[in-house]
Amino acid sequence: MRKIGVFVCHCGLNIAGTVDVKRVAERCAEIPGVVHSEDYSYMCSDPGQNLIAEAIEEKDLEGIVVAACSPTMHEPTFRAAAEAAGLNPYQVQMANIREQCSWVHPDDEEEATRKAEGIVGAAVEKVRRDEPLVPHEIPITKKAMVVGGGITGMQAALDIADAGYPVILVEREATIGGRMAQLSETFPTLDCASCILTPKMAEVGRHPLIELMAYSEVEEVSGSVGNFRVRVRQKPTYVDWDACMGCMQCQQQCPSEVESEFERGLGTKKAIGVDFPQAIPNRPKIDPEHCAHLRGDFCWLCSRSCPVDAIDYEQEERIVEEEVGAIVLSTGYDMLPQEVLGEYGYGKYPDVIDSMAFERMKSSSGPTGGEIRRPSDGEIPKEVVFIQCAGSRDPDKGQSYCSKICCMYTAKHATLYHHSVPDGQAYIFYTDVRAGGKGYEEFVQRTVEEDNALYLRGRVSRVYPEGDKILVKGVDTLSDENVEIHADLVVLATAVTPRTDAREMARIFNVGTDEHGFLNEAHIKLRPVETTTPGVYVAGAVRGPRDISDAAAEASGAASKVAMLLSREEMETDPLIAEVDEGDCSGCLWCVAACPFDAIEEKYLTRRVGDREVSRRVVEVNVGVCQGCGACTVACRDGAMNLKGYKDEQILAEVESICLIAGSQQ
Amino acid sequence: MKLTRHGLHSEMIEKIERISGEEISKCYQCGKCSAGCPVAQEMGTLPHRVVRHLQLGQDERAFEAEAVWFCTSCHTCESRCPKGFDLSRVMEALRAVLLRRGEAPVRPEDLPAELFAAAPQQAIVSCYRKYVS
Amino acid sequence: MSDSWQPTIVAFACQWCTYAGADLAGTSRIPYPPSVRVIKVPCSARVDPSFVIRAFQRGADGVLVSGCHPGDCHYMEGNYLTRRRFSLAKPFMSYLGLEPGRVRVEWISAAEGQRFAEIVREMTGDIRALGPNRKMRERL
Amino acid sequence: MKYGYYPGCTLHQQAEEFDVTTRESARALGIELEELDSWQCCGAVFPLATDAVINLAAPFRALAAAYEAGVELVTVCAGCLNVLRRTNNLVQNDDETRDKLVDFVEEDYAGEGRVHHLLELLRDEVGFESVSERTKRDLNGLRIAPYYGCLLLRPPDEMEFDDAEDPQILENMLAGIGAHPVSYPLRMDCCGAYLPIGELEERRNRAAVAVMRSASAAGAEAIVTSCPLCAHNLEQCAQDVPGAEMLPVLYFSQVLAYALGLDADSCGLEPDGLHAGVCEKIGIGEVK
Ligand SMILES: Cc1cc2nc3c(=O)[nH]c(=O)nc-3n(C[C@H](O)[C@H](O)[C@H](O)COP(=O)(O)OP(=O)(O)OC[C@H]3O[C@@H](n4cnc5c(N)ncnc54)[C@H](O)[C@@H]3O)c2cc1C
Ligand SMILES: Cc1cc2nc3c(=O)[nH]c(=O)nc-3n(C[C@H](O)[C@H](O)[C@H](O)COP(=O)(O)OP(=O)(O)OC[C@H]3O[C@@H](n4cnc5c(N)ncnc54)[C@H](O)[C@@H]3O)c2cc1C
Ligand code: SF4
Ligand code: SF4
Ligand code: SF4
Ligand code: SF4
Ligand code: SF4
Ligand code: SF4
Ligand code: SF4
Ligand code: SF4
């Protein structure tokens, strides 16, 4: 029988004023196995801790109970003291006779003392069954992966790399930059997007610790925090990027011109080339759907024009396996297809465009060279109607949430419009103006007061052409008047949506999504960039609508979490986790279904029976992933799964002790 | 109501801005003025709504509002307006335009003599000021 | 049963919420009857319905199982599991002859010291009215 | 110290008691008020239209004359104070308007002068404590509701008379002379005096009635004001509106002068008329 020591604290009069601590210590001494029991005024004081250390050493204690305050107060103190005296810190139990006894039963010394006896007794039974435990140590691969190379991913990659850790940046498109690369000028300061983005892209491109895997997608992830194995699919570009010098001769020669998604339908691109001139890596790719050669026609123009013979029509996709310790997901957002709102006529009338198209128009490298022109006839529009919340805050037809950025970018659009067409008029239909951010409200006010935008509180119900104008029928609820505007151009502030493949991504990386498909954080307020999968982080618009400043802040937040993780050689995990007895395990996998963290994996045990190999399914707990909740233990009908520190027999022993002592006291 | 850029920035709107010294666009329609206006309940059209009509270029709607004449120039709106917008001046500008057009709602000569017999000098002068000058 | 009879209530308390709530009742000096003995568990999902039955077999008069409010589980969904498990287990317990008032599953957050005290008060009163748990001991 | 006194039209006509008690109070407190030689009506309302420069001529002339005479102006009429002070601000701050006025009135004045309300002098120069020491009569805790109205307080950044949302100057003065100032929510609200006239006039009464009701509900026995227009309006409406509460309305200077020793009759307090209740409370009936 293990030798147990009990130490009852007076906590001055906090405990001793109500509980007869001497009696508690005496009664405990009578429990079998308790070889030491004493009381003292302040157990947590240095002399108190010394008493404990001396007793452990002198009496070779194999478990101690400190009957004192709540474990949230001093459990670490007493565990450290025990460890210093040579006892395993997990063989220390606290019996909470202050918060849960003396303080709540001040008027009944007898009852409080009885209760204290019960509490301490249960703790003795528990500690008697405590095994010495040591934290698991997991080696860490000191390398990170960032998935998605928009502003968020770039910022995160740079921060991690600047902390000294190698980073692989996986980007689905042929260039990094994300949505920000499409923007013209950015609120709230109106600095030009490419002026602040291009240098960052270049920095990513040349950082010695950042390995850029463009035109690539993650296929599969296995392993766990500290040691993920990631399979990345590199799609064929049909250009040997190592040989290519980025001269873009090929792009100039290519005869196949197609509508450019990057230009939001306002411009075209070639079947070979880059989306925009500042692309990083600055290498062309062939779009196989539109390349004449790849569709079986006769065309070798790019290949013939290439001075270094880099075109490779035969190129095939490659699968690359990488090992990383931590992963940041920053794959950003999409926009609601506006065809959903048929009443606005997007897609039907060329002069109804979405906000991203407006950005492209205003971009000096865009299809109109930065001039605002009607797509239908190239005229400069004099009356422009902006419709906010187009598909946002619209649980019926669009998205139920507020897209958060459109109020601000619409104000920006109206401002930019006024700067380019001073005698034009911008009308903005809005539901509310949401401008919570540093300088944001002031920006909106300037848009009204200095840049002449007329805000109309209400939505538009219908848009249709009338002559060469577009008739916009809306309402101004402030004046209770229906409003008609004969507009030259209508701009829809389209709802931000999750990437169409977000749920698939979430599945690959084992993170949750909300009902819309935005990735979930571990805790929306206090762990905003962590996910419930240790080692996987989220940042930026992949979590929900965000502007650049929020996205960049989260990127740095996630990067610092990654750096924190990678800064350690090994990762210590709490030993109070689940443990399977393979002998008892029947392989039913009930525990797997119960585990909220996917910490349990199946595995097969093979055994030789005579000359046959029999294999049997059991499970294994991933120590890096298990959080120690114990849900699996209850699910296991075979009693094979147990939780260290909270084993079935320990809890049952507590139950029995409580009932026994209470019974004896009646 | 049809909105056009010319209508929004009509001569009349500019004139009202000139006379009042206030930029009509500054008001963001929070309604605090109306909430505190001591005579709002009499006005029919609340004070902030008068401003809204002007913002939409609907000056005639503003001129029609009885509010223009009910306004007592008490400055309650102005002293509490979060945007520092002086609505009492806009009301005065509207009255001024109407008076200059000869469109006073009452002519002083039509007023009952008893009124003047009892009223203090100050009341008589301000009454003339409101309806004549 | 006299008012002075002190029933024995075993409370399984999730360490993140209810255990901290019980501590808060203490730091706020909110008195409640000394009937309850708390067993700390990492999550309410660690509580096996068989623990509850064992308590009654050994003479407990009541059992409280308590964790974070739904949606607030430290482990995300542990308390949903608890809710499901106990909604299945409760009919079985009444089949064994336990009066409904003896087992309660409650959500008590770390901020709800007052609520913890109230629930203990309520349970103690209810169980006093029911009297000691004889049936279970006799039956099993 | 000697001040130029600007009584304003109304004090010379319907509100003589205001004028008399103002002069007597000032005398009793050692403030020398000398009426300006030639003053004209200030126009009663400050012109809010920026192009109504002509309406500024009269107050400008008064301001210039006082400056010429080397005195600072004192007035008690809220309307006059409002017009004079705001005109002075405008002259100080708006060069264009000033130049027009200088040309028009042919006085070279740039807003150097100052305009005071008598109460401000009592507060800032004499001190309410010292006023209190000089009282000769007890007001017996008469429950008085001070009524500010619009013109003293607004626009606040121009008038700088007192805290526009919680003024205390009348309260402090009243407490100093032994009255009991009653606080009530509508004391800074407009009485509606500048409302339309004629057929629409009835509606204005609601504003004034509300003020009266608010004061009465707070237990006041009388209202004091510093504005003849308010005084008229409050009394008038209470008479016009059937069932309206009716409190006597006095000028603040009437109670001040009485406390400082002026006889009731000169103070315009009428024990037999509207002021009966007030007079009884402060013992005027008994003295007679
Ligand atoms: C019209 C408009 C105007 C705006 N104007 C402003 C403004 O003025 N100021 C401002 O602060 N914000 C503005 N924004 C918001 C801004 O665009 C976002 O805040 C920002 O782009 C978010 O960056 P991100 O990196 O999180 O996402 P993204 O920019 O979407 O980047 C995500 C990246 O991940 C890549 N990716 C996606 N899926 C995968 C995958 N499966 N594998 C690998 N890579 C993948 C994408 O190709 C992309 O490069 C505007 C937005 C719109 C729509
Ligand atoms: C009424 C109200 C309700 C809210 N409700 C919510 C809500 O429901 N959900 C939500 O997400 N947010 C809510 N918030 C916002 C929330 O309060 C803040 O987001 C949060 O408190 C910000 O935390 P902080 O640490 O940045 O600042 P603070 O909480 O202000 O902490 C700053 C600390 O710094 C200390 N300090 C200050 N100056 C010095 C100095 N010179 N030297 C040393 N120490 C100093 C202060 O004493 C303080 O402890 C609410 C805010 C308010 C006002
Ligand atoms: S082969 Fe394809 S990509 Fe090359 S030039 Fe021809 S069409 Fe363009
Ligand atoms: S022509 Fe050749 S070297 Fe030049 S960009 Fe094209 S592939 Fe690269
Ligand atoms: S940010 Fe503004 S425009 Fe966008 S959905 Fe929210 S309220 Fe509507
Ligand atoms: S200031 Fe506060 S209450 Fe007002 S809009 Fe902003 S967030 Fe809302
Ligand atoms: S203890 Fe919780 S986290 Fe760990 S394996 Fe079991 S269910 Fe999963
Ligand atoms: S529930 Fe138990 S028996 Fe079934 S697989 Fe899990 S550990 Fe094995
Ligand atoms: S208070 Fe000011 S901003 Fe608000 S509605 Fe009135 S005038 Fe406009
Ligand atoms: S100034 Fe006119 S509009 Fe403003 S609060 Fe007074 S009465 Fe109302």
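Convention: sequence-line order gives letters A, B, ...; per-chain numbering from 1.
Interatomic distance, OG of B:Ser88 versus CZ of D:Phe46, reported as 11.0 Å (0.5 Å rounding). Considering SG of B:Cys74 and CG of D:Leu153, their distance stands at 11.5 Å, rounded to 0.5 Å. A distance of 11.0 Å separates CG in D:Leu48 from CG in B:Leu87, rounded to the nearest 0.5 Å. With rounding to the nearest 0.5 Å, the separation of SG in B:Cys77 from CZ in D:Arg154 is 9.0 Å. Atom OG of B:Ser79 is separated from atom CE of D:Met159 by 12.5 Å, given to the nearest 0.5 angstrom.
Within a 6.0 Å radius of NZ in B:Lys15, no more than 12 heavy atoms belonging to other residues, nucleotides or ligands are found. Other residues, nucleotides and ligands contribute at most 12 non-hydrogen atoms within 6.0 Å of the CG atom of D:Asp37. Residue D:Glu96 places its CD atom among 12 or fewer non-hydrogen atoms of other residues, nucleotides or ligands, all under 6.0 Å distant.
Options D:Pro228, D:Pro155, D:Cys42, D:Ala164 differ in how many heavy-atom pairs under 4.5 Å they form with chain B, and the most are formed by D:Pro155.
Side-chain atoms of B:Arg80 and D:Pro156, non-hydrogen and from C-beta on, never get closer than 4.5 Å to each other. A 4.5 Å side-chain heavy-atom check between D:Leu229 and B:Ser126 finds at least one atom pair inside the cut-off.
With hydrogens and angles disregarded, no donor-acceptor distance shorter than 3.5 Å links the side chain of B:Arg89 to the backbone of D:Ala49. In this structure a side-chain-to-backbone donor-acceptor pair under 3.5 Å is missing from D:Thr10 to B:Pro120. With hydrogens and angles ignored, the 3.5 Å screen pairs a side-chain donor or acceptor of D:Thr50 with a backbone N or O of B:Ile19. With hydrogens and angles ignored, the 3.5 Å screen pairs a side-chain donor or acceptor of B:Arg129 with a backbone N or O of D:Gly43. No donor-acceptor distance shorter than 3.5 angstrom exists from the side chain of D:Gln13 to the backbone of B:Gln121, with no hydrogens or angles considered.
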side-chain contact (heavy atoms from CB on, under 4.5 Å) evaluation trace for B:Val39 with D:Cys190: CA-CA 9 Å; B:Val39 286; D:Cys190 178; over 6 Å; no
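The residues D:Asp51 and B:Arg100 are annotated as salt-bridged, a charged nitrogen and a carboxylate oxygen being separated by less than 4.0 angstrom.
Proximity to chain B is limited to the side chain of D:Cys77, based on heavy atoms less than 4.5 angstrom apart. Contact of B:Ala93 with chain D is not made at all, since no heavy-atom distance falls under 4.5 Å. Only the backbone of B:Arg18 comes within contact range of chain D, with at least one heavy atom under 4.5 Å from a heavy atom of that chain.
Pairing each heavy atom of B:Gln122 with each of D:Gly79, the nearest pair is NE2-CA, 3.6 Å.
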